[in-house]
Structures are given as C-alpha cells and as structure tokens.
Amino acid sequence: MISLIKIITDSSCDLPKEIVREYGIEVVPLSVEIDGKRYIEGKDITPEEYWQKMQKAKTLPKTSQPPPAMFADVFKKIIDEGNEPLCITISSKLSGTYQSALVGNDISGNKAVVFDSLAGSLSHGIQVLMAARLSQAGKKMNEILKELERYRKSVKIIIPLNTLENIVKGGRLSRVQGTVAKLLNIKVILHGVEGEVKMLKKVRGTKRFREAILEIINNLNPEPGRIFGITHVDNLEDALFISEALKRFGSEVIVNSMGLVMATYAGMKGMILAL
C-alpha cells in the first residue's frame, strides 16, 4: 500500500466545508464560551448564529484550543492507516493550538509533522489547501514544507475592522476611546506581521474605508496566479466588492464566512484578507 500525506488542521482555518470534504482534510475543532455556554466550532453552532450572540454579549467570548489528546487521536488514526500526518495550525502567536498539536504528536509517538502557519483564517486555510493539493499531486513531505514556507513568508494579511466593539470588550481599548471612535466613525485596518497583528491604518467613514482597502491592495501589488482569501463577519457585500478587485490579478479567490474563533477578534462586519 502506498503511504499518503494526510492533512490535519484546526477549525480556525475558515476553509469552506466543500473544500475540506473534497480533499479529505481532518479538522480538529477549537471551542468558544459565550454567556456561560460552550460551543464547539463547526459542530454546535453556525457562524451566523454565533455572530448574533456575539453582538449581544456584554463581555468578549473566550476561545479555547483543542486538547492535545484530540490531536493525538487524529495522528494515531492516520498513522495506523499507514499514512503520514501533516498538521498545519493557527499562528502560535495567536493561540496555544500549535503547542497543543506538538504535545499531541509526543503522545502519539512523534510521527506527525506539525507546521505553524503564522497566520489565521484563510491565510492559514490557504496553506492547508496548498498542502492538500500538493499531496494529491504526489509531492513528498519536504517539497510540501518548502512551498508552505515560501507562502508563509510572502503572504500579506490585511484585517479591516468595521467596529472596535470587540477590541473594547477584550480590554485592548478603553470604553471612552471606543465611544469616541464610534462617534467619529473611525475604522481601523490591521495587518499580520510574522504571526502577530499590528496597526496599519485608521480611516474615517465607510467610503474612505473601502478606498483605503483598495489602495493597500494596489500598493501591495499581489503576486498573480496565487490563491487569495477573504473571510467576513456578516459583510458579504464588502467581501464580494474586494473579491472583484482581486480578480484582475487572474487569481483564484476564496470567499467564506468567518468562523467563531476569528470572528471573536474581528467583530461585526470585520474581514480578513489573505493576499
């Protein structure tokens, strides 16, 4: 029997379900606690249902990484089938999931490869998809890892936030500052830098916000022919608007709803772009 490289990831990758099914990707779920109730991402609640609960919650929901045993069980199953597990996780600088996967690998005999995407949402998910496609094409583990490292180094992650409400709830901004930002219609654009999230730009007004996103995309001049990703929190209109702008680069564009974990930080109408 020929050994296959099987791809494992966690639920924060925000890949559409049809892609997960098509490539047989194993997804280990994170969980979220909101108003005292715990939900397993991808199982107990839809993103749309969660967004509504999140909007009404007085405090920021708590996100939890999967326990190591969950990863260990998936790794063991794949190894027992005679295949090689390659696990790609959310950035180790955003979550303890990468560490949990490493411990899970120890428990299951250290036969899996665990790769830190240094990203979240579809900038993480695209790495998972790339690995799955390369595996299907018969590439070896070292060839897949080389491509993932190249993408990880070159991907540009842009995070336009329509509201600062969740940043206030999470204590990263005071209520007074949040109220002033709301009154002045201030929106922020963050970006991913080596696995962390940092401020890129502040703008006033919805029209200027859209223009600023397009300016950033044009200045970045994304590499044609690669996969682009856009996830959104109840903001399909802006996601499709940006998707159209990206199509001129002649690339594949994936648009999807943002899952529970990433939406907790992006807030309502927030987006995450992987370019």
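What you are looking at is a predicted structure, and each value in this text was computed from that prediction instead of being measured.
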Is it the case that the side chain of S100 and the backbone of P66 share a donor-acceptor pair, with hydrogens and angles ignored and the cut-off at 3.5 Å?
yes

Between Y23 and V113, is there shared hydrophobic-cluster membership here, with clusters defined by ILVMFWY side-chain heavy atoms closer than 4.5 Å?
yes

For the CD atom on E194, are there more than 12 heavy atoms of other groups (residues, nucleotides or ligands in this structure) within a distance under 6.0 Å?
no

Can you get from L4 to M130 by hopping between Ile, Leu, Val, Met, Phe, Trp and Tyr side chains that sit under 4.5 Å apart?
no

Starting from M199, can I reach V193 by hopping between I/L/V/M/F/W/Y residues whose side chains sit under 4.5 Å apart?
no

Looking at side-chain heavy atoms only, is the closest gap between P85 and V74 below 4.5 Å?
no

Could you walk me through whether E49 and K37 pass the salt bridge (Lys or Arg N to Asp or Glu O under 4.0 Å) test, one step at a time?
CA-CA 14 Å; E49 288 166 342; K37 189 167 180 186; over 6 Å; no

Return yes when atom NZ of K139 has more than 12 non-hydrogen atoms of other residues, nucleotides or ligands closer than 6.0 Å, and no otherwise.
no

Side-chain heavy atoms of I213 within contact of L273, under 4.5 Å
yes

Which heavy atom of Q127 sits nearest a heavy atom of A119, and at what distance?
NE2-CB, 4.1 Å

How long is the straight-line distance from NZ of K111 back to CD of E84, given to the nearest 0.5 Å?
11.0 Å

For a side chain to side chain donor-acceptor pair (under 3.5 Å) check, start with the C-alpha distance between D116 and S92, then their side-chain angles and the critical distance, and finish with the verdict.
CA-CA 6 Å; D116 184 352; S92 58; 2.5 Å; yes

Quick check for you: to the nearest 0.5 Å, what is the distance between K202 atom NZ and I189 atom CD1?
12.5 Å

Rounded distance (nearest 0.5 Å) linking atom CG of N218 with atom CD of E211:
12.0 Å

Search all heavy atoms of I230 against all heavy atoms of A239 and return the closest pair with its distance.
CD1-O, 3.5 Å

If every non-hydrogen atom of F115 is compared with every non-hydrogen atom of Y98, which pair is closest and at what distance?
C-CE1, 4.1 Å

Does NZ in K53 sit with more than 12 non-hydrogen atoms of other residues, nucleotides or ligands closer than 6.0 Å?
no

So, does S11 use its side chain to make a donor-acceptor pair with the main chain of L30 at under 3.5 Å?
yes

Interatomic distance, CE@M258 vs CD1@I272, rounded to 0.5 Å, equals 4.0 Å

Starting at CG of L275, measure out to CD1 of I158 and round the result to the nearest 0.5 Å.
6.0 Å

Please name the residue in the list V233, T63, I34 that meets the side chain to side chain contact (heavy atoms under 4.5 Å, CB included) test with T264.
T63

Taking V114 as the starting point, is it possible to reach Y151 by hopping between hydrophobic residues whose side chains are less than 4.5 Å apart?
no

Counting C-beta onward and ignoring hydrogens, is there a side-chain heavy-atom pair between H124 and I88 closer than 4.5 Å?
yes

Checking the side chain of S3 only, and the main-chain atoms of G82 only, is there a donor and an acceptor separated by less than 3.5 Å?
yes

Derivation of the side chain to side chain contact (heavy atoms under 4.5 Å, CB included) call for I227 and R133
CA-CA 12 Å; I227 311 167; R133 286 179 174 174; 3.6 Å; yes

Heavy-atom nearest pair, P47 first then L260, reads CA-CD1, 4.2 Å

Decide side chain to side chain contact (heavy atoms under 4.5 Å, CB included) for L190 and Y265; before the verdict, give the C-alpha distance in whole Å, the side-chain angles of both, and the deciding distance to 0.1 Å.
CA-CA 12 Å; L190 309 174; Y265 302 104; over 6 Å; no

Hydrophobic cluster (4.5 angstrom, side-chain heavy atoms) - remaining members for I107
V103

Side chain to side chain, H232 and E237, heavy atoms closer than 4.5 Å:
no

Test item: T46 and W51 side chains (from C-beta on) under 4.5 Å apart, heavy atoms
no

Same cluster for I217 and V203 if Ile/Leu/Val/Met/Phe/Trp/Tyr side chains link at under 4.5 Å?
yes

Under a 3.5 Å cutoff, is there a donor and acceptor pairing between the side chains of R226 and S154?
yes

Where do P16 and N256 come nearest, in terms of heavy atoms and distance?
N-ND2, 3.4 Å

F71 vs N105 side-chain heavy atoms within contact, under 4.5 Å
no

D14/S121 under side chain to side chain donor-acceptor pair (under 3.5 Å): CA gap, chis, key distance, verdict:
CA-CA 5 Å; D14 290 341; S121 200; 2.7 Å; yes

For K146 and E149: C-alpha separation, side-chain torsions, deciding distance, then whether salt bridge (Lys or Arg N to Asp or Glu O under 4.0 Å) applies.
CA-CA 5 Å; K146 195 174 176 184; E149 283 163 6; over 6 Å; no

E244 side chain to L240 main-chain N or O, any donor-acceptor pair under 3.5 Å?
no

Check the pair I254 / I19 against side chain to side chain contact (heavy atoms under 4.5 Å, CB included), numbers first and verdict last.
CA-CA 10 Å; I254 300 170; I19 288 177; 4.0 Å; yes

To the closest 0.5 Å, what do you measure between CG (L161) and NZ (K269)?
14.0 Å

Any side-chain heavy atom of K6 within less than 4.5 Å of one from E26?
no

Please say whether more than 12 non-hydrogen atoms of neighbouring residues, nucleotides or ligands are located less than 6.0 Å from CZ in R208.
yes

State, yes or no, whether a side-chain contact exists between I90 and M262 at a heavy-atom distance under 4.5 Å.
yes

Please step through side chain to side chain donor-acceptor pair (under 3.5 Å) for the pair S257 and E48, ending with a clear verdict.
CA-CA 8 Å; S257 296; E48 291 75 15; 3.2 Å; yes

Please evaluate residues L15 and L122 with respect to the criterion side chain to side chain contact (heavy atoms under 4.5 Å, CB included), reporting the C-alpha separation (whole Å), side-chain torsions for both, the decisive distance (0.1 Å), and the verdict.
CA-CA 6 Å; L15 276 173; L122 276 177; 3.9 Å; yes

Check S108 against A72 and note the closest heavy-atom contact, atom names and distance.
CB-O, 3.7 Å

